[in-house]
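What follows is a single structure, written as structure tokens, with notes after it.
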Amino acid sequence: MSSNKFKLCFVLMGVLLVLGFDLERGQYAYPMPGYYALSGSFGELRSNHFHSGLDIKTGGQSGAPVVAIEDGYVSRINVSPYGYGKAVYLRHADGKYSVYAHLSRFADTLQSLVYAQQRKTEQYTQEMYLRKHALVFKKGELLGYSGNSGSSLGPHLHFEIRDSAERILNPIPWFKKELPDNRPPIVQEVAFEPLGPTARIAGEHRFYSKWVEGGNGQYRLPGVLEVYGPVGLLYRAYDLLDNAGNHCGINTAHLYLDDSLIYAFDLQRFDFDETRYINLHLAYPFTLHPPKKSYQRAFVEQGNAFSGIRFHRRRGIIELTDGQVHDFCLELIDSHGNRTLLSGKLKRKAPPLVSVPFDYAGTSRLSYQLQRDLLRIDITNPKKIHAQGIYYETLTGTQHKLLPAYRKGNQLVFLLQLDSLHLPRRLFDASGNLQEQLPAWTLALPDRP
């Protein structure tokens, strides 16, 4: 990108940072003095949810002191063999909440209160809501001891800060000194996904991934990638804090096409009701075989209303309209402001027409796979009759002809757009020698968005 384009990138990025970060932070006390390594960060990608806080390492041991980050009263105490286990919730004068979970034991005042309620109800599991200011703790006062209670895989403290509406906030901006990070995010791979039957990436309709070159905050996709039709950019990346080797999440991503910002993701606050949107933020390649890598989308998937998506233009989807070379730039920013740039070049190239004169030796074979809401059908060693098309029969018994989309080597590729009213149950060619019965999973396909 040119210097002017970079200047525009950083101006826009600065505006988004002001929107995404609360710049006027009060100084909270750190919840675990002496323990400054994380095993998990805020917004980190977890199975079926975004991680809602910080996981503070305790050296594999339980019993480290946990203190109140600010003056506040206990609004809730939770005891459960699942979830957060033993947890205490404080409400502070600024309206925010702090949460301390997976404790091994509460401080004596809390512990006696819990024991009394457990004896009264004859139940181990408790969810106790206390009256306002009934039980007050001072900043730095002992709340309990770290542990491994609830759904925890090892001793640690799960710590959260929530706003007055109990939306989860990123705690890192309050604790940058205790949790230093001087390294920019690390990019592993960049990928592109076709987003329609006309889309092509490097001449094919397939999920295209590539290891990138570079390091130390500067990465690039080598060469010029040829694309056609609507495509989406995806990436695999992680962040490292100074005091631990655990792979942490990256909270901010901006995607630029030439001099235009087309997508901005800024995860600094979210609601618990939104956390399942991670299933639309993450994507997986079109494969049923290992390795099953997950990629983050730098575009908006249909139905994704996650509040962390701060801006998008045409859902962040890339669709080139001329034959010029275009620059893309993916900017990743961690919670300490360290930046990484991933750049590359794209060029539009229309797919060639399927050439008719071919007749490969060997037995023709038909295979298929589901790609989003498309059924990709491959015929290996195709014959001349296949260039004229193949046929599919729907669940209602009607038959339709499908023309080839493109040829790649000795494979002829067909792309069938699926919808609930015209689901195929059988594929066959004109000779009747090549046919395939589709399984029952076709019945469960959703309507086209």
Side-chain angles (χ1 to χ4, degrees), residues 191-209 226-234 279-280 282-288 295 297 299-304 314-321 348-356 364-380 382 385-408 411-430 434-449:
F192 291 85
E193 183 178 10
L195 300 177
T198 62
R200 303 288 184 272
I201 302 169
E204 294 190 71
H205 187 282
R206 67 184 180 96
F207 191 99
Y208 177 94
S209 62
E226 294 175 339
V227 298
Y228 182 81
V231 301
L233 183 145
L234 310 92
N279 298 306
L280 293 175
L282 291 180
Y284 297 86
F286 303 136
T287 178
L288 298 177
Y295 296 78
R297 289 184 167 103
F299 63 94
V300 184
E301 181 61 287
Q302 290 278 12
N304 190 356
R314 298 177 184 174
R315 294 173 42 216
I317 294 171
I318 297 170
E319 188 165 11
L320 305 181
T321 57
R348 180 180 183 269
K349 183 176 181 180
L353 298 175
V354 176
S355 55
V356 175
S364 297
R365 297 189 304 275
L366 185 150
S367 61
Y368 60 87
Q369 61 175 309
L370 185 65
Q371 297 183 353
R372 297 177 67 89
D373 57 351
L374 291 176
L375 188 67
R376 170 175 168 153
I377 305 155
D378 294 324
I379 295 182
T380 307
I385 60 168
H386 299 136
Q388 306 305 314
I390 60 171
Y391 298 86
Y392 65 93
E393 181 181 335
T394 68
L395 296 176
T396 59
T398 60
Q399 295 184 358
H400 305 269
K401 188 175 185 178
L402 183 64
L403 296 176
Y406 63 92
R407 179 163 63 97
K408 187 71 175 180
Q411 284 190 319
L412 196 59
V413 180
F414 300 79
L415 298 172
L416 176 59
Q417 184 78 66
L418 298 173
D419 64 68
S420 59
L421 298 178
H422 300 92
L423 290 176
R425 66 180 179 187
R426 185 169 68 97
L427 305 170
F428 58 97
D429 65 3
L434 199 63
Q435 59 179 313
E436 187 77 25
Q437 197 77 23
L438 296 178
W441 53 256
T442 55
L443 295 170
L445 289 172
D447 292 340
R448 247 181 102 186

- Task: Let me see the working for Phe414 and Ile379 under side chain to side chain contact (heavy atoms under 4.5 Å, CB included), right down to the final yes or no.
- Result: CA-CA 8 Å; Phe414 300 79; Ile379 295 182; 3.7 Å; yes
- Using a 4.5 Å cut-off on heavy atoms from C-beta on, say whether the side chain of Arg297 contacts that of Asn304. no
- Message: My understanding is that only one of Leu427, Leu412, Leu415 makes a side-chain contact (heavy atoms from CB on, under 4.5 Å) with Ile377; could you say which?
- Response: Leu427
- When Arg200, Arg348, Lys349 are each screened for side-chain contact (heavy atoms from CB on, under 4.5 Å) with Glu226, the one that passes is Lys349
- Task: Report yes or no: does Arg376 contribute a side-chain atom to a donor-acceptor pair with the main-chain N or O of Gln371 at less than 3.5 Å?
- Result: no
- May I ask you to test the Pro230-Thr198 pair for a side-chain heavy-atom distance under 4.5 Å? yes
- Task: Please report the closest heavy-atom contact between Ser364 and His386, naming both atoms and the distance.
- Result: OG-CE1, 3.8 Å
- Task: Drop me the distance from Leu434's CG to Leu366's CG, to the nearest 0.5 angstrom.
- Result: 5.0 Å
- Message: Looking at every non-hydrogen atom in both residues, tell me the closest pair between Phe428 and Gln435 and how far apart they are.
- Response: CB-CB, 3.6 Å
- Message: Among Gln302, Gln417, Glu301, exactly one meets side chain to side chain donor-acceptor pair (under 3.5 Å) together with Arg372. Which residue is that?
- Response: Glu301
- Message: Could you measure the distance from the OH atom of Tyr392 to the CD atom of Gln399? Nearest 0.5 Å is fine.
- Response: 11.0 Å
- Separation of Leu402 CG from Ile390 CD1 (nearest 0.5 Å): 5.5 Å
- Message: Ring-plane angle category for Tyr208 and Phe192, please: parallel below 30°, perpendicular beyond 60°, tilted otherwise.
- Response: tilted
- Message: Could you tell me if the side chain of Phe299 sits less than 4.5 Å from the side chain of Glu193, heavy atoms only?
- Response: yes
- Message: Within the 4.5 Å heavy-atom criterion, are Leu403 and Lys401 side-chain neighbours or not?
- Response: yes
- Query: Is a donor on one side and an acceptor on the other found under 3.5 Å between the side chain of Arg315 and the backbone of Val300?
  - Reply: yes
- Residue pair Ala350 / Tyr228: nearest heavy atoms and the distance that separates them: CA-CD1, 3.5 Å
- Task: Over all heavy atoms of both residues, which pair between Arg206 and Glu204 is shortest? Give the atoms and the distance, please.
- Result: NE-OE2, 3.1 Å
- For the side chain of His205 and the backbone of Gly196, is there at least one donor-acceptor N/O pair under 3.5 Å apart? yes
- Which heavy atom in Leu438 sits nearest to a heavy atom in Pro424, and how many Å separate them? CD1-O, 3.2 Å
- Task: Mind checking the CG-OG1 spacing from Leu423 to Thr394? Nearest 0.5 Å is all I need.
- Result: 8.5 Å
- Message: Is the shortest side-chain heavy-atom distance between Leu233 and Val231 below 4.5 Å?
- Response: no
- Query: What is the minimum heavy-atom distance between Tyr368 and Gln437, and which atoms define it?
  - Reply: OH-O, 4.3 Å
